[in-house]
Structure formats: structure tokens, C-alpha cells
Amino acid sequence: MSDARLRRVQKEIKDCAKDKTSNISIDMIDESPFHLIGAFPGPPDTPYEGGYYEVDIVIPDAYPFQPVKMKFITKVYHPNVSSASGAICLDILKDAWSPVLTLKSTLISLQSLLCEPVPNDPQDAEVAKHYLADRESFNATAKHWAQAYAQAPVHKQKAISGKLATDAEMAGLSEENVAGFTDMGFPREQVPWLAH
């Protein structure tokens with residue numbers, strides 16, 4: 001089984017390298033074909049546009065009959081991605097996995113997830129709450145994270161509801177969250193998520 005697994009993974013890496021249209025890349029870590037880094041550009045017309053996203057990929061022993069293990073290396077502000085660990089909530093990485101899926105098709109599904117969040121099945125409940133409560137503010141925060149962590153180009157910030165977003169909003173926090181720290185005596189600029 002492991003020879004078949006090795007051949008399949010090597011073929012998938014080679015096929016992905018040949019495909020110049022998808023902009024998906026897969027590279028080995030330490031020459032191991034079973035621990036990889038996948039990468040893709042942020043989808044156009046989303047807050048992630050212009051960013052470059054890296055994903056840690058671990059190939060299990062029973063691949064392709066077991067799903068690959070993936071998590072974002074690049075920090076992403078998204079309801080279905082843990083902002084702390086990069087863990088991903090996506091059905092094909094769990095019970096909807098099929099042996100016909102490939103590494104490339106799975107990375108394309110992650111790219112699509114950035115276009116279409118599923119806030120009712122979140123990995124990060126706070127981000128999902130932000131997404132559902134104020135889409136414009138959410139988009140500004142996601143764009144800020146894309147610029148800060150995924151090398152997306154920085155443009156002049158658009159006003160949110162007629163005003164510039166505060167540092168708390170850009171970090172995905174409410175003023176009440178920040179006040180919880182400042183009321184304890186922390187200077188605002190030292191609140192961990194506001195510090196750059």
C-alpha cells in the first residue's frame with residue numbers, strides 16, 4: 001500500500017507542477033513526499049485577493065482512502081479557519097472525503113472556501129459572529145489580515161459605515177473586547193491583537 005501511496009503522491013505533485021493555469025503549488029518539506037506545503041493565491045473579488053496562502057499538508061498512511069490533514073500556515077481571518085491554529089472546517093477534509101479527490105482539487109476547494117464562507121458551521125465562532133453581524137467590517141478585517149499576513153497589496157482603507165475602521169475593528173474585535181483589557185490597566189497599544 002505504501003508504494004502505491006508514494007506513487008500517487010509523486011504523480012499528484014508532478015501533475016500540479018505541470019499545471020500552470022491553476023496557480024496552485026505543492027512542495028515537499030525536507031524531501032518528504034508525505035509532508036508538503038500547498039499554496040495558492042487569494043481568490044479575486046474577495047477580501048483575500050492579492051494574498052498568497054500556504055497550507056501545511058500531511059499525507060496519512062491510508063491515503064487516498066483517508067483524507068489528507070491540512071491547516072493554514074498563513075493566518076486567515078475566516079469563519080471556517082481557526083485564527084489561532086489554522087485548523088480548517090471543510091467537509092472534504094472529514095466525512096465527505098473521497099479517494100477520487102487529489103491534493104490539487106482539495107487546495108482548490110480551500111481556495112473556494114475563501115470565496116464562500118460557511119458561518120453556520122464555523123471553525124472560529126468569533127469570526128463567524130463578526131461575519132454574520134457586520135459583513136462590511138468583516139471584509140475590512142479579512143483584507144487587513146490578507147495585507148498583514150499574506151502579502152496582499154495595501155490600498156487606502158475604505159470607510160466602514162461612513163467612518164474609518166478602528167484598530168479594534170481591523171483586528172476583528174469589538175470595542176467592548178478592547179475595553180475589557182484597558183479597564184484592567186493595559187495600555188490600548190499593548191492589547192495583544194492590536195499590537196503590530
Side-chain angles (χ1 to χ4, degrees), residues 12-13 15-29 36-57 68 70-90 92-93 102-119 121-174 192-196:
E12 288 188 38
I13 293 169
D15 289 348
C16 195
K18 283 186 210 168
D19 176 8
K20 301 301 179 200
T21 58
S22 69
N23 292 318
I24 303 283
S25 69
I26 300 173
D27 296 300
M28 292 189 290
I29 296 177
L36 310 165
I37 290 183
F40 56 84
D45 303 319
T46 70
Y48 311 100
E49 180 175 19
Y52 188 71
Y53 297 89
E54 291 187 331
V55 177
D56 183 79
I57 305 169
V68 294
M70 291 187 170
K71 69 178 183 174
F72 275 95
I73 297 168
T74 308
K75 286 180 73 77
V76 182
Y77 194 76
H78 189 282
N80 305 107
V81 179
S82 168
S83 51
S85 70
I88 302 162
C89 182
L90 182 63
I92 64 168
L93 294 177
T102 65
L103 297 172
K104 183 173 87 174
S105 67
T106 306
L107 288 167
I108 290 171
S109 293
L110 286 185
Q111 191 178 37
S112 295
L113 184 66
L114 295 184
C115 296
E116 295 292 329
V118 184
D121 185 21
Q123 178 69 36
D124 194 314
E126 288 301 312
V127 176
K129 199 162 44 171
H130 187 198
Y131 179 86
L132 293 169
D134 187 344
R135 187 74 54 87
E136 201 174 339
S137 173
F138 167 85
N139 286 343
T141 301
K143 184 175 202 143
H144 174 74
W145 279 44
Q147 293 164 346
Y149 303 113
Q151 295 84 45
V154 178
H155 301 292
K156 279 195 165 182
Q157 174 159 347
K158 289 185 179 174
I160 296 178
S161 306
K163 63 178 177 56
L164 285 180
T166 67
D167 54 352
E169 290 168 327
M170 294 305 289
L173 301 171
S174 68
W193 300 279
L194 300 180
H196 285 50

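- Between I92 and T106, the shortest heavy-atom contact is CD1-CG2, 4.0 Å.
- In this structure, the side chain to side chain contact (heavy atoms under 4.5 Å, CB included) partners of V76, at least two apart in sequence or on a different chain, are Y48, Y53, F72, H78, V81, L114.
- A distance of 10.0 Å separates NZ in K71 from CD1 in I88, rounded to the nearest 0.5 Å.
- Atom OG1 of T74 sits about 12.0 Å away from atom CH2 of W145, to the nearest 0.5 Å.
- Here the straight-line distance linking atom CE of M28 with atom CD1 of I26 works out to 11.5 Å at 0.5 Å rounding.
- The line from OG1 of T141 to OH of Y131 is 13.5 Å long, rounded to the nearest 0.5 Å.
- The side chain to side chain donor-acceptor pair (under 3.5 Å) search around D124 returns S83, not counting sequence neighbours.
- In this structure K104 satisfies the side chain to side chain contact (heavy atoms under 4.5 Å, CB included) test together with C16, D19, S22, I24, T102, I108, sequence neighbours excluded.
- Considering all non-hydrogen atoms of both residues, P79 and V127 come closest at N-CG1, 3.5 Å.
- Heavy-atom minimum distance, P47 versus A142: CB-CB, 3.6 Å.
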Any chance you could lay out the side-chain contact (heavy atoms from CB on, under 4.5 Å) test for I37 and I29, step after step, and finish with the verdict? CA-CA 7 Å; I37 290 183; I29 296 177; 3.5 Å; yes

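- Note: L110 CG to M70 CE = 5.5 Å, rounded to the nearest 0.5 Å.
- P119 approaches A128 most closely through the heavy-atom pair O-CB, 3.7 Å.
- Distance CG/L107 to CG/L113: 12.0 Å, rounded to 0.5 Å.
- Minimum heavy-atom separation, C115 to P43: SG-CB, 3.3 Å.
- Looking at every heavy atom in both residues, S137 comes nearest to H130 through OG-NE2, 2.8 Å.
- Using a 4.5 Å cut-off on side-chain heavy atoms (C-beta onward), F138 and L132 make no contact.
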